[in-house]
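Written out below as structure tokens is the structure these notes cover.
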Amino acid sequence: MTTPTLRRVRETVAALHEELTRYHLVVWTAGNISARVPGTDLMVIKPSGVSYVELTADAMVVCDLYGTVVEGELTPSSDTAAHAYVYRAMPEVGGVVHTHSTYATAWAARGEPIPCVLTAQADEFGGEIPVGPLALVGDDEIGKGIVATLSGHRSTAVLMRNHGVFTIGRDARAAVKAAVMCEAVARTVHLSRQLGEPIPIPPEQIDALFDRYHTVYGQRPAG
Ligand SMILES: [Zn+2]
């Protein structure tokens, strides 16, 4: 059933996993990326428990939007149900990324949203980066928590409490960018906290920054 589109999505998702290691967002086999296959009710996702250096296009797994394997020899990521739930609930989302990146997950462990104190954060996330509920892997609970937190929110990243980061984007590349930016923001705001109390950006200036960034750069918010 492999089509040129499906082949391209497999290659893109495989290649994007290199960005997770390049930016030090993952350890061992943790973390995963998926992409919706345009024009279908399918997604391509990382296989479970496979080393990052072995993540070729052929190793990727194709699932339907309920997480059932359609094509691929390996078992899909243990987070497949969460990714699938997001695609079902948020038709505008074309890519989902999950990491346990260190600084962002440190905020998640405390259940504290990252306050908007950096212009780059206002640009990318349009405000604070919110916290989602503690949910255990395996069924729809994580997906429900992601969707409930990000629906109607400008942020494309959610800190799932005691767990890690999920990001969404119009495509997988945008979701990876959000994961990279989320970790950078988490790190800088954490360091700022060590020096004193970071200064909040007034809401109207956050709005202006967000609007400019998503207009001038020709991007639309994914949420
Ligand atoms: Zn996880």
Side-chain angles (χ1 to χ4, degrees), residues 13 16-27 30-35 45-46 52 77 79 82-83 86-87 90 92-135 137 142-143 145-194 198 200-201 206 209-210 213-214 217 219-223:
V13 173
L16 283 170
H17 279 90
E18 294 175 21
E19 304 290 335
L20 300 187
T21 54
R22 180 149 71 118
Y23 287 98
H24 305 289
L25 301 186
V26 293
V27 294
N32 39 72
I33 299 172
S34 70
I45 191 164
K46 173 178 169 282
Y52 273 83
S77 162
D79 292 303
H83 290 246
V86 172
Y87 291 123
M90 305 179 93
E92 72 280 15
V93 170
V96 177
V97 173
H98 173 50
T99 80
H100 302 157
S101 65
T102 304
Y103 284 87
T105 302
W107 287 85
R110 299 204 319 284
E112 183 182 358
I114 305 175
C116 190
V117 294
L118 302 170
T119 58
Q121 183 181 357
D123 286 345
E124 183 71 28
F125 300 106
E128 71 171 24
I129 298 176
V131 173
L134 171 62
V137 70
I142 292 177
I146 297 166
V147 170
T149 309
L150 294 183
S151 293
H153 204 295
R154 289 197 294 211
S155 178
T156 51
V158 52
L159 309 174
M160 294 300 283
R161 189 161 69 79
N162 302 103
H163 181 181
V165 181
F166 278 84
T167 61
I168 57 175
R170 66 194 177 286
D171 56 26
R173 183 171 186 80
V176 170
K177 182 191 176 197
V180 172
M181 298 299 288
C182 179
E183 178 64 4
V185 164
R187 181 168 183 262
T188 305
V189 179
H190 169 79
L191 292 174
S192 179
R193 274 271 180 90
Q194 311 314 302
I201 301 175
I206 293 175
L209 286 161
F210 183 79
Y213 187 74
H214 289 266
Y217 287 83
Q219 299 180 16
R220 292 175 297 122

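Position 1 is the first residue of the sequence; numbering continues from there.
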For side chain to side chain contact (heavy atoms under 4.5 Å, CB included), just list the numbers for Phe125 and Thr156, CA-CA rounded to whole Å, side-chain angles, deciding distance to a tenth of an Å, and then say yes or no. CA-CA 6 Å; Phe125 300 106; Thr156 51; 3.6 Å; yes
Specify the closest pair of heavy atoms between Ala157 and Thr167, including all atoms of both residues, with the distance to one decimal. CB-CG2, 3.7 Å
Check the pair Ile142, His163 against side chain to side chain contact (heavy atoms under 4.5 Å, CB included), reporting the backbone distance first and the verdict last. CA-CA 10 Å; Ile142 292 177; His163 181 181; 4.0 Å; yes
Can you tell me how far apart CD1 (Ile146) and CD1 (Ile168) are? Round to the nearest 0.5 Å. 9.0 Å
Atom OG1 in Thr149, atom CD1 in Ile129: separation rounded to 0.5 Å? 13.0 Å
Side chain Gln194, main chain His190, donor-acceptor under 3.5 Å: yes
With a 4.5 Å limit on heavy-atom distance, are the side chains of Asp123 and Phe210 in contact? no
Is Tyr103 reaching over with its side chain to a backbone N or O of Val189, donor-acceptor style, under 3.5 angstrom? no
Would you say the side-chain atoms of Ser151 pair up with the backbone N or O of Ala148, donor to acceptor, closer than 3.5 Å? no
Is there a side chain to side chain contact (heavy atoms under 4.5 Å, CB included) between Val27 and Thr102? Walk through the geometry before answering. CA-CA 10 Å; Val27 294; Thr102 304; over 6 Å; no
Rounded to the nearest 0.5 Å, what's the gap from NZ on Lys46 to OH on Tyr52? Could you check? 4.5 Å
Is any side-chain heavy atom of Glu183 closer than 4.5 Å to one of His24? no
Let me confirm one number: the OG1-CD1 distance from Thr99 to Ile33, rounded to the nearest 0.5 Å. 10.0 Å
Min side-chain heavy-atom separation Leu150-Pro130 under 4.5 Å: yes
Determine whether a donor-acceptor pair (N or O, by modelled atom type, separation under 3.5 Å) exists between the side chain of Gln121 and the backbone of Ile114. yes
Would you say Ile45 and Asp79 make side-chain contact, with heavy atoms under 4.5 Å? no
From Leu25 atom CG to His17 atom NE2, the distance as rounded to the nearest 0.5 Å: 11.5 Å
Describe, in one word, how the ring planes of His98 and His100 are oriented to each other, choosing from parallel (under 30°), tilted (30 to 60°) and perpendicular (over 60°). perpendicular
Is there a side-chain contact between Leu159 and Cys182 in this structure, where contact means two heavy atoms from C-beta onward sitting under 4.5 Å apart? yes
